[in-house]
Amino acid sequence: MTAPTFPPLMQGVAAQGGDDPFERAQALAALGCDGGTVVHSVQADRLRAALVLAPEVALAEAMAMLPLCAVGFQNALGALAPPEVAVHLGWAGDIHVNGGRCGRICVAASTRDPQAQPDWLVIGLDLALLPTSDMPGAHPDETALYEEGCADVAATTLLESWARHVMTWIHRWEDEGNAPLHAEWLGLARGVGEEITRAGCTGTFLGVDERFGMLIRSGAETRLIPLTDLLEDRS
């Protein structure tokens, strides 16, 4: 398989053996690897990658990289897939293709303090290419990319496209702030206006605030759940 090619300021590292790219990227970040490192694993049934970032802002602001990388994935797949393929994004990082959950974007950082500047931030991508269950229909809400009319989308090409779109969005975010990303993400968001339960709170998902925190209305009260609640435990 041809090694993926990444845009300037990004460099690829192939995951070895059964290594999880998300965990491997965190380990490399803790050792001081360069921001822009992409640890990747392309298998027949699964695409996984993790991007190391070195934020120059507080964690609360840097968490915008989660929806940014999700939007970058939607843009990447949208450019490669047939036009009838619909991609929507969940607040917690879920990726839905034609209504079925197909993968996720996840995040880890060197700190959990929203006001601290993290030494590093790692964004992970995990995408099902082919179904892994031996029981079709056992998980009707889940799907795989190649079951949704995307069999001609090469995983390596998709990975390269994701990296390019993410880099484009990072440059735009640095220049213009959250507003363009906010508008793009809301147009792709799944579940807005529906009832949801999150962090022990059940109510109507109203959307997100300027920092992409989830807004849930329960009765007369509106509760804010910050993106930092989505941080994975460090490996």
Side-chain angles (χ1 to χ4, degrees), residues 6-13 15 20-40 48-76 89-95 103-126 159-186 188-189 199 208-214 224-235:
F6 295 103
L9 304 181
M10 287 187 176
Q11 49 280 334
V13 175
D20 181 332
F22 186 56
E23 294 181 357
R24 179 64 176 155
Q26 291 176 65
L28 290 174
L31 291 173
C33 76
D34 292 336
T37 298
V38 182
V39 183
H40 53 86
R48 291 178 296 166
L51 170 63
V52 178
L53 298 167
E56 297 180 352
V57 295
L59 178 63
E61 190 173 346
M63 287 296 295
M65 293 301 102
L66 176 66
L68 185 151
C69 288
V71 166
F73 176 81
Q74 188 279 337
N75 292 173
L89 307 172
W91 178 78
D94 290 346
I95 297 168
R104 68 188 291 250
I105 303 284
C106 53
V107 58
S110 61
T111 179
R112 300 185 76 93
D113 180 354
Q115 305 309 316
Q117 179 178 321
D119 295 327
W120 53 263
L121 188 82
V122 172
I123 300 291
L125 167 66
D126 192 341
L159 173 59
E160 294 172 338
S161 182
W162 177 62
R164 289 194 302 271
H165 282 280
V166 164
M167 185 60 72
T168 298
W169 270 108
I170 288 175
H171 290 322
R172 188 173 182 187
W173 177 78
E174 290 175 340
D175 290 340
E176 303 178 47
N178 278 348
L181 177 63
H182 195 281
E184 183 86 0
W185 185 88
L186 277 178
L188 302 168
V208 294
D209 73 352
E210 66 277 4
R211 285 186 170 177
F212 298 95
M214 174 178 274
L224 170 65
I225 302 174
L227 268 182
T228 48
D229 274 23
L230 299 178
L231 283 165
E232 305 269 337
D233 292 332
R234 289 178 55 184
S235 60

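The figures here come from the full heavy-atom set of this structure, side chains too, leaving out hydrogens, waters and symmetry mates.
- In terms of heavy atoms, Gln74 sits closest to Glu184 at OE1-OE2, 4.5 Å.
- Contact check for Arg211 versus Leu227: no side-chain heavy atoms found under the 4.5 Å cut-off.
- Remark: Asp20 engages no residue in a salt bridge (charged side-chain N to carboxylate O under 4.0 Å, His left out) (not counting sequence neighbours).
- Annotation for Leu231 and Met63: closest pair CD2-SD, 3.8 Å, computed over non-hydrogen atoms.
- Arg104 meets the salt bridge (charged side-chain N to carboxylate O under 4.0 Å, His left out) test with Glu232; sequence neighbours excluded.
- Crowding of Glu174 atom CD: a count of heavy atoms from other residues, nucleotides or ligands under 6.0 Å exceeding 12.
- The two residues Leu230 and Ala92 come nearest to each other via the heavy atoms CD1-CA, 3.7 Å.
- Leu159 approaches Ala49 most closely through the heavy-atom pair CD1-CB, 3.6 Å.
- Glu176 meets the salt bridge (charged side-chain N to carboxylate O under 4.0 Å, His left out) test with Arg172; sequence neighbours excluded.
- Expressed to the nearest 0.5 Å, how far CG of Asn75 lies from CG of Leu188 amounts to 7.5 Å.
- Counting heavy atoms from C-beta outward, Phe73 and Ile95 have side chains that approach closer than 4.5 Å.
- Considering CD1 of Ile123 and CZ of Phe22, their distance stands at 7.5 Å, rounded to 0.5 Å.
- When every heavy atom of Trp169 is checked against every heavy atom of Val71, the shortest pair comes out as NE1-CG1, 3.5 Å.
- Val166 has its side chain within reach of Met10: a pair of non-hydrogen atoms, C-beta onward, lies under 4.5 Å apart.
- Not counting sequence neighbours, the partners of Glu61 by the side-chain contact (heavy atoms from CB on, under 4.5 Å) test are Val57, Trp173.
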Determine, step by step, whether Met65 and Leu181 satisfy the side-chain contact (heavy atoms from CB on, under 4.5 Å) criterion, reporting the C-alpha distance in whole Å, the side-chain angles of both residues, the deciding distance to 0.1 Å, and the verdict.
CA-CA 10 Å; Met65 293 301 102; Leu181 177 63; 5.9 Å; no
Give the C-alpha distance, both sets of side-chain angles, the deciding distance and a yes or no for side-chain contact (heavy atoms from CB on, under 4.5 Å) between Met214 and Asp229.
CA-CA 10 Å; Met214 174 178 274; Asp229 274 23; over 6 Å; no
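- Applying the side-chain contact (heavy atoms from CB on, under 4.5 Å) criterion to Gln11, with sequence neighbours excluded, gives Asp34, Thr37.
- Annotation: side chain of Leu121 is in contact with side chain of Leu59 (closest heavy-atom distance under 4.5 Å).
- A side-chain donor-acceptor contact under 3.5 Å links Trp162 to the backbone of Cys69.
- Residues Ser161 and His165 meet the side-chain proximity criterion, which asks for heavy atoms closer than 4.5 Å.
- Considering every non-hydrogen atom in both Pro8 and Met167, the closest pair reads O-CE, 3.8 Å.
- No donor-acceptor pair closer than 3.5 Å links the side chain of Thr228 to the backbone N or O of Pro114.
- The ring pair (Phe, Tyr, Trp, His ring centres under 6.0 Å) search around His182 returns Phe212, not counting sequence neighbours.
- Rounding to the nearest 0.5 angstrom, the gap separating the CD1 atom in Ile170 from the CG atom in Leu9 is 9.5 Å.
- Side-chain contact between Trp120 and Gln26 is present, with heavy atoms from C-beta onward closer than 4.5 Å.
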